[in-house]
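In what follows, a structure is listed as C-alpha cells, so that the remarks can point back to it.
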Amino acid sequence: GPYRAVAAPIYPLYRLFGLHPAPYFALSIMVYFLATVAVWWFARQLFERGDYALASAALFAVSHPGADAMLRIINSYQNLFGIIGAAITLGALLAHLKTNRLAWLGVSLLGYLVTLELAFVRSASLIIPILMVLVLFSPLRRKRLIPDLGMMILRTLPYLALFNHLYEPIADPNHSLSRFAVSIVAERNYQALGSLVATLGNLVLPQRLATGLQLPAATHTIIGIGL
C-alpha cells in the first residue's frame, strides 16, 4: 500500500530500543543533519557556488522541517528520507547534464527509485522538478537542436517509466496529471495551479506560523510568485 515504508525504518529500531524515546529522537537529529548535507550538495550542483550552497543548507537547517526531527518521529524519518533522496536525485541529474557521465544518471535514477519507495506518498510530485531540471538544464545547441531534443526526451523516459510503474496501479483517473493539466487550461481552474505556487511559499513561511500570525490566506501564493 502507499504507506508501506512508514514503519520500515522504525521496526529495526524498535527491536533495539523498544519504547524508549531518546534513541529515536537522537537518530532523527542525525538524519536531519544528513538531510542538511544533502541539500548543501544539491545546491552546490545547482548554483556552482559554495556560498550559495551554504546559505541554502543553512536556510533548510533552521526551517520548519527541523521541528519534525524533534517532535514527530514517524514524519521525521519519512520526510527526511524523502528530502535526502530528492536532493540526490536532482543533484546527480544536474551532474549528469553537466558532465554527460552515465554513472551520474544511474545514481539519479537509483535515488529516485529509493525515494519513491521510502517516501511513497510524499514523493509523487518529485517528477515535476525532475522534468523542470531536464528542460532547463539540458544542453540545446542551435546546430544540434534535433539530436539534443531527442536526447532530452530519452533522459526523461526512465523517470516517467518509474513514476508510472509505481503510481499507476493506485491512481485515480479523475486525479491524474493529465486531468490536472486539463482542469487548469480547459476549465480555467487557476486555483489548482496556485496551490503549487503556494507550496513554494510554505517553504519560506511555514503554514502554522502564518496561521498563528493571522496572515491572509494568499500570503504563501504571493511569496511563491516572488520566488
Within a strict 4.5 Å, meaning less than it, do heavy atoms of the [X] and [Y] side chains meet?
{"X": "V114", "Y": "F81", "answer": "no"}
{"X": "F42", "Y": "L94", "answer": "yes"}
{"X": "L90", "Y": "Q45", "answer": "no"}

Rounded to the nearest 0.5 Å, how far apart are [atom1] of [X] and [atom2] of [Y]?
{"X": "L16", "Y": "Y11", "atom1": "CG", "atom2": "OH", "answer": "11.0 Å"}
{"X": "H165", "Y": "L116", "atom1": "NE2", "atom2": "CG", "answer": "10.5 Å"}
{"X": "N164", "Y": "L157", "atom1": "CG", "atom2": "CG", "answer": "11.5 Å"}
{"X": "I153", "Y": "D148", "atom1": "CD1", "atom2": "CG", "answer": "11.5 Å"}
{"X": "L54", "Y": "L59", "atom1": "CG", "atom2": "CG", "answer": "11.5 Å"}
{"X": "T89", "Y": "Y112", "atom1": "OG1", "atom2": "OH", "answer": "8.5 Å"}

Heavy-atom closest contact ([X] atom, [Y] atom, distance):
{"X": "S123", "Y": "A119", "value": "OG-O, 2.7 Å"}
{"X": "Y24", "Y": "F17", "value": "CE1-CB, 4.1 Å"}
{"X": "W40", "Y": "G50", "value": "NE1-O, 4.4 Å"}
{"X": "A92", "Y": "V107", "value": "CB-CG1, 3.8 Å"}
{"X": "M152", "Y": "L134", "value": "SD-O, 3.4 Å"}
{"X": "A43", "Y": "A53", "value": "CB-CA, 3.7 Å"}

Verify side-chain contact (heavy atoms from CB on, under 4.5 Å) between R155 and L97, making sure each step is shown before the conclusion. CA-CA 10 Å; R155 291 187 178 108; L97 294 175; 3.8 Å; yes

With distance as the sole criterion, is a donor-acceptor pair present between the side chains of Y159 and S108 under 3.5 Å? yes

Apply side-chain contact (heavy atoms from CB on, under 4.5 Å) to the pair F163 and L126, showing each step before the final yes or no. CA-CA 9 Å; F163 178 86; L126 181 56; over 6 Å; no

According to a 4.5 Å side-chain heavy-atom criterion applied to Ile, Leu, Val, Met, Phe, Trp and Tyr, with indirect links allowed, do [X] and [Y] form part of one hydrophobic cluster?
{"X": "L154", "Y": "F137", "value": "no"}
{"X": "L160", "Y": "M151", "value": "no"}
{"X": "I130", "Y": "M132", "value": "yes"}
{"X": "V133", "Y": "L136", "value": "yes"}

Is it the case that R49 places NZ or CZ above or below the six-membered ring of F47, under 6.0 angstrom from the centre and within 45 degrees of the axis? no

For side-chain contact (heavy atoms from CB on, under 4.5 Å), just list the numbers for V135 and T156, CA-CA rounded to whole Å, side-chain angles, deciding distance to a tenth of an Å, and then say yes or no. CA-CA 9 Å; V135 170; T156 304; over 6 Å; no

Between Y32 and F60, does the ring centroid distance fall short of 6.0 Å? yes

Using the side-chain contact (heavy atoms from CB on, under 4.5 Å) rule, pick out the option among T115, V31, V37 that qualifies with I84. V31

Keeping the roles fixed (side chain from H96, backbone from R101), state whether a donor-acceptor pair exists under 3.5 Å. yes

